[in-house]
Each structure stands twice: as C-alpha cells, then as structure tokens.
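Keep in mind the model is a prediction, meaning the values are calculated, not measured.
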Amino acid sequence: MIELEHVSRKFGNFYAVNDVSFSIQTGEIVGLLGPNGAGKTTTMRMITGYLEASSGSIKVDGIDVTQDSVETKAKIGYMPESAPLYSDMIVADYLEYVAQMQGQDPKEKVPYLAQVCGLKEVMHKNIADLSRGNKQRVGLAHALMGDPEILILDEPTSGLDPNQVSEVRELIRKIGETRTVIISTHILSEVEMLCNRVIIISDGKKVADSSTQSLREHFNSNSQVVLELSNKTDSKEAEAVISKIEGISSIKFSNTENRIICEININGDENLCPQIAGKVVKAGMDLYSMQVKKNSLEDVFRTLTLGGDEK
C-alpha cells in the first residue's frame, strides 16, 4: 500500500507538486495522468525515494520513505521513461550484473525474467542493437529483478510501434495480476485498457482520483446521437420531428457532399436511438446510419487540466 499525505515538492520558489494526497491499495493498476510539467514524474520519484518531499509524508506499507529508504526501495521497481541501460553490454550480462547488484541469484532470476519479459530471443545481443520495444523489455526486467511488490512505470510504451505497444501492454497486464502498478502515460486509450483507476495531476495539484467510468459519469453523463440522412432531407422538418422526443437538449445540422449530418445531444445516458430512428423513418426520411458518441477519458482530461477543481 502507498500513502501520500499533503505531499509537496519545491524547486526554489516553484511548486512542482503542491499538497497532493492519495493512497493506492495492493493489487491496483493506477494511471497517473497530467499535462507536461504537471508533476507526475516528480511524484513518482518521491515515491521511489529518488527525490525527497519538501513537506508531507509518503509511506510504503506503513514505512516512511524518508526514515527507512532502503526497506521501501526494496519493495519498489521503477522504470523511468528512458530506461538507464548500459548499451555496450550484452543483455544476458547486463541482467546478471543487475541481479548481483541487487543480491539476487542470477542463475535463477535471469532465465525467469527472460521468459516473463519475452527476452529469450535477444539475450545474446548487444543492448545498443535492440529495438526500442526490446529495450523497454530489458528495462522492465531490471525493474522486476528484486521481485518488487510495487512497479512504477514512466511512459512505458513511449516511442514504440503498434506491435511493440501491444506486447508491452500485455506484459503489464500480466504483471498487474500479482503486483501494484503505477503507470504514467500521455496515451489515454492505454489507461482505459490497462488501469482500473486514474489519478490526474495538473499544475502540481491532484484534480481527480476515480475509476475511468466514474470520471465520465461525474463530469459529463450526456451522450450524442449522430444521424446520417439523405441530402434531400428538409432540416427544419427533421428538427420538428426529432425535437418532440423527451430528453433531447439540442439538435445541430451540417451538410456533406452527399448527406445531411444531424447531431443530437441527449440529457443523461438514456438510449433514445429506437425512438429517434422510429420517428425519422415514420416521417418518410431516408436514414443511412446512426452512431452513438459518449464522452471519452480524453474529454474528461481536457476538462480537468484546462481549469477544473479537485474532485
């Protein structure tokens, strides 16, 4: 378990992190989000003990990181955005070196992590010659070497191609089955796929802490139905027909080369599609398609980081 209570970090007169509090239970996969310069990396570095908090307290399993940094660091595996690998070493040699540095048995841990992290095919290669995806895997193996209870990953899929991203995400899912994982990333779809909880930091302050679904429901439960109608449709007639349905807040029309697009905003989360389609077809209009759009985590993120209050 990780507990932050009123944690701040100053650099001169500037607050990189300002009075942040949250706790993370064992077994959670948590996304730590925020714009560039929001304080995410500083927060993670304070949890790992790399940086000391200017005020407040940080505890790992009830142990204060400033009072017993050796014990708390033994519980944490940390992979920075650019994993600090020795590029002139062979992968197998590097992992054996890390194992020895951490007091682990290389004969036991290196083959195990090579299997878990998908490195068996590149153990003989020089780290400098690896793809970005495999370098990330080596960084993960390094972070997992001490069998940590907590894994902290800063931009783990940054710079990877789509295939590599998929592979690393699957690896994180497996790791998250038995460990607490904190992920910092700018890829919001990644958070929705991997994390069961999101903490958003903006300008050094926590502005949200909830599940992705709860965030969507809290900040905007409205949905939008988009209709694609024949370009022969009379927009005023369509508006008159659709506006009679209870629960619709606004209707907007636009034209494309071959179709009329009707955007219907709905109050709440009620499914009005059957009623809308029935009214439109009954009125003799040609309906080509219907699509429901709901606010995404990206919409929530923009709302909170462009001037929101803590929730």
Do [X] and [Y] have side chains that approach each other closer than 4.5 Å (heavy atoms only, starting at C-beta)?
| X | Y | answer |
| --- | --- | --- |
| Q67 | I63 | no |
| S8 | N18 | yes |
| I182 | L151 | no |
| K205 | D19 | no |
| S243 | I248 | no |
| V30 | C195 | no |
| K279 | I242 | no |

Nearest 0.5 Å, what's the [atom1]-[atom2] distance between [X] and [Y]?
| X | Y | atom1 | atom2 | value |
| --- | --- | --- | --- | --- |
| I58 | L4 | CD1 | CG | 4.5 Å |
| S235 | K252 | OG | NZ | 13.0 Å |
| T185 | R169 | OG1 | CZ | 7.5 Å |
| I127 | L85 | CD1 | CG | 5.0 Å |
| D93 | M123 | CG | CE | 9.0 Å |
| I172 | E177 | CD1 | CD | 12.5 Å |

Is it true that atom [atom1] of [X] has more than 12 heavy atoms of other residues, nucleotides or ligands lying nearer than 6.0 Å?
| X | atom1 | value |
| --- | --- | --- |
| F253 | CZ | yes |
| Y112 | OH | no |
| Y86 | OH | no |
| M193 | CE | yes |

Decide whether [X] and [Y] are clustered together by the hydrophobic rule: side chain heavy atoms of Ile, Leu, Val, Met, Phe, Trp, Tyr closer than 4.5 Å, transitively.
| X | Y | value |
| --- | --- | --- |
| M89 | V122 | yes |
| M79 | M101 | yes |
| V7 | I150 | yes |
| I152 | L32 | yes |
| I183 | L144 | yes |

For residues 38-52, dump all side-chain donor-acceptor pairs below 3.5 Å to protein atoms at least two apart in sequence or in another chain.
residue: K40; atom: NZ; partner: G34; partner atom: O; Å: 3.0
residue: K40; atom: NZ; partner: P35; partner atom: O; Å: 3.2
residue: T41; atom: OG1; partner: D154; partner atom: OD2; Å: 3.1
residue: T43; atom: OG1; partner: G39; partner atom: O; Å: 2.8
residue: T48; atom: OG1; partner: M44; partner atom: O; Å: 3.4
residue: T48; atom: OG1; partner: R45; partner atom: O; Å: 2.8
residue: T48; atom: OG1; partner: Y50; partner atom: N; Å: 3.3

>> Is it the case that the side chain of E28 and the backbone of Q25 share a donor-acceptor pair, with hydrogens and angles ignored and the cut-off at 3.5 Å?
In response: yes
Sequence neighbours left out, cut at 3.5 Å: what donor-acceptor pairs do the side chains of residues 129-140 make with other protein atoms?
residue: S131; atom: OG; partner: N134; partner atom: N; Å: 3.2
residue: S131; atom: OG; partner: N134; partner atom: ND2; Å: 3.4
residue: S131; atom: OG; partner: Q164; partner atom: NE2; Å: 3.4
residue: R132; atom: NH2; partner: S158; partner atom: O; Å: 3.0
residue: Q136; atom: NE2; partner: P156; partner atom: O; Å: 2.5
residue: R137; atom: NH1; partner: C117; partner atom: O; Å: 2.6
residue: R137; atom: NH2; partner: E167; partner atom: OE1; Å: 3.1

Please find the pair of heavy atoms, one from [X] and one from [Y], that lie closest to each other, and give the distance.
| X | Y | result |
| --- | --- | --- |
| S21 | H6 | OG-N, 2.6 Å |
| R9 | S54 | CA-OG, 3.4 Å |
| V60 | V65 | CG2-CG1, 3.9 Å |
| Q100 | P106 | CG-CG, 3.8 Å |
| V280 | V241 | N-CG1, 4.5 Å |
| I76 | P148 | C-CB, 3.6 Å |

>> The criterion is salt bridge (charged side-chain N to carboxylate O under 4.0 Å, His left out); which residues satisfy it with K75, sequence neighbours excluded?
In response: D61, E149
> Under the salt bridge (charged side-chain N to carboxylate O under 4.0 Å, His left out) criterion, do D147 and R179 qualify, and how do the steps go?
Replying inline: CA-CA 9 Å; D147 197 25; R179 293 173 174 84; 2.5 Å; yes
>> Could you work out, with side-chain contact (heavy atoms from CB on, under 4.5 Å) as the rule, every residue matching S250, not counting sequence neighbours?
In response: N265
> Which residues satisfy the side-chain contact (heavy atoms from CB on, under 4.5 Å) test with E3, sequence neighbours excluded?
Replying inline: M1, S23, K59
Which donor-acceptor pairs under 3.5 Å do side chains of residues 226-234 form with protein atoms, sequence neighbours excluded?
residue: E228; atom: OE1; partner: S289; partner atom: OG; Å: 2.8
residue: S230; atom: OG; partner: K232; partner atom: N; Å: 3.1
residue: T233; atom: OG1; partner: S230; partner atom: O; Å: 2.8
residue: D234; atom: OD1; partner: K236; partner atom: N; Å: 2.9
residue: D234; atom: OD1; partner: E237; partner atom: N; Å: 3.2

